[in-house]
S.K.: 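Below: one structure in structure tokens.
Because the structure is predicted, anything quoted here is derived from the model rather than measured. In what follows, every chain begins at residue 1, and chains take the letters A, B, ... in the order their sequences are listed.
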There are 2 protein chains.
Amino acid sequence: MGSERHVDSCEELFRACGMPLTIQRRIIFEELSQRSDHPTADQIFQSVQDRLPGLSRTTVYRVLEALVEAGLIQRICHPGATARYDANMNRHHHVVCLKCQRVIDLHSSELDALAVPKGLDGSFRVLDVSVHFRGLCAECQEKQDTANLA
Amino acid sequence: MGSERHVDSCEELFRACGMPLTIQRRIIFEELSQRSDHPTADQIFQSVQDRLPGLSRTTVYRVLEALVEAGLIQRICHPGATARYDANMNRHHHVVCLKCQRVIDLHSSELDALAVPKGLDGSFRVLDVSVHFRGLCAECQEKQDTANLA
DNA sequence: TTTGACAATGAATACCGTTCGCAATAAAGT
DNA sequence: ACTTTATTGCGAACGGTATTCATTGTCAAA
């Protein structure tokens with residue numbers, strides 16, 4: 001199996017950040033890394049419970065917060081009142097459904113090349129740029145249309 | 001005073017949406033329209049209390065939700081676990097501080113002209129585009145620097 | 001202008017997401 | 001292995017948001 005390399009890089013990653021690598025942190029980080037659906041803390045908690053019996057919700061929140069602080073993951077920008085996380089730290093863009101609040105990744109080299117407007121870079125230190133397309137996903141369009149018929 | 005025109009437009013706006021215009025809705029909407037700091041529901045509640053004695057927090061949440069539904073205001077995309085609102089429905093962009101989560105508006109005709117990538121427009125109905133610059137605001141850079149010295 | 005249908009408000013309460021304090025536990029370096 | 005130090009788990013607390021229901025207010029028709 002080629003998974004040992006991943007394990008190694010996980011340990012190196014944490015060591016480089018100066019944070020102890022616990023089982024909880026490893027599994028939560030690996031789980032988030034394998035997903036691309038920008039889960040909430042609770043969704044992570046659910047899908048990790050079988051691998052971490054007795055895991056506390058509190059720990060999930062604390063681990064995610066610590067990973068954000070360390071720069072290993074990010075909290076994404078989205079409408080709505082629940083924090084969502086993303087382990088993809090490469091530049092990418094987002095498609096946001098205003099109805100169901102789903103967030104879908106979008107890769108585009110054209111958009112990646114966006115220049116930072118002058119005037120901004122003076123006081124503000126830009127670390128990343130992402131383009132948000134907001135609107136209605138296919139499912140929600142359908143729901144809306146059928147609702148209009150009724 | 002030229003404020004009567006605004007009052008008129010407010011009434012027309014609500015009528016066009018088919019929603020009764022109450023004092024609460026008018027004042028909450030006007031308050032949000034005059035601000036550009038993307039306040040939370042509670043911040044709106046605070047700054048409107050003197051004009052609306054006996055106002056309930058519940059009403060603020062309901063009014064903001066109704067205004068979003070009607071398309072008169074929008075819930076902005078941001079990191080963090082509290083909903084923030086914006087009455088500026090013109091296309092504009094956002095500068096987000098990852099530390100203090102402040103959101104600043106950015107106007108740029110270059111960015112406004114962004115093309116929607118093909119492939120997206122098939123299933124997803126794009127209603128708006130906005131560019132997010134994420135990083136550290138001047139204040140938070142300062143705090144971080146002084147923290148590093150200690 | 002009054003009236004009536006209907007929708008919005010306020011108060012209390014319940015709910016969900018998140019954070020805190022503290023005792024028990026586990027990781028990393030010696 | 002041992003010690004230091006940080007992390008975990010639990011329970012409770014907290015803040016933001018949604019819900020229920022009686023009361024009040026809006027709008028338009030009479």
S.K.: Mind checking side-chain hydrogen bond (donor to acceptor under 3.5 Å, both in side chains) for B/H93 and listing every partner two or more places apart, or none if nothing turns up?
M.R.: B/D112
S.K.: With B/R15, which residues qualify under salt bridge (Lys or Arg N to Asp or Glu O under 4.0 Å), at least two apart?
M.R.: none
S.K.: Just by modelled atom types, is the A/I76 backbone N or O under 3.5 Å from a matching donor or acceptor in the A/H78 side chain?
M.R.: no
S.K.: Rounded to whole angstrom units, what separation is found between the CD1 atom of A/I27 and the C1' atom of C/dA26?
M.R.: 15 Å
S.K.: What residues, two or more places apart in sequence or in another chain, satisfy ring-ring contact (aromatic ring centres under 6.0 Å, His included) together with A/F124?
M.R.: none
S.K.: So what is the end-to-end bend of the helix from C/dT1-D/dA30 to C/dT30-D/dA1, with 5 pairs used at each end and the value given to 10 degrees?
M.R.: 40°
S.K.: Can you list the residues that meet the side-chain hydrogen bond (donor to acceptor under 3.5 Å, both in side chains) rule with B/Q46, with sequence neighbours excluded?
M.R.: B/D42
S.K.: Not counting sequence neighbours, list each pair that qualifies as a ring-ring contact (aromatic ring centres under 6.0 Å, His included) and has a residue in residues 30-59 of chain B.
M.R.: B/H38-B/H94
S.K.: Under the ring-ring contact (aromatic ring centres under 6.0 Å, His included) test, which residues partner A/Y85, sequence neighbours left out?
M.R.: none
S.K.: Please identify each residue that fulfils salt bridge (Lys or Arg N to Asp or Glu O under 4.0 Å) with B/D128, with sequence neighbours left out.
M.R.: A/R134, B/R91
S.K.: With A/H132, which residues qualify under side-chain hydrogen bond (donor to acceptor under 3.5 Å, both in side chains), at least two apart?
M.R.: B/H132
S.K.: What is the separation between atom CG on A/D42 and atom P on D/dT17, rounded to the nearest whole Å?
M.R.: 18 Å
S.K.: Taking only residues two or more places apart in sequence, or in another chain, which ones meet B/E65 in a side-chain hydrogen bond (donor to acceptor under 3.5 Å, both in side chains)?
M.R.: B/R75
S.K.: Assign a letter to each nucleotide of nucleotides 23-30 of chain D from its 5' end: B, base within under 4.0 Å of a protein heavy atom; S, sugar-phosphate only; -, no contact.
M.R.: ---SS---
S.K.: Under 4.0 Å from any atom of DNA chain C, heavy atoms only: list the residues of residues 43-78 of chain A that qualify, in numerical order.
M.R.: A/T58, A/Y61, A/R62
S.K.: How many whole angstroms separate atom CZ of A/F14 from atom P of C/dA28?
M.R.: 11 Å
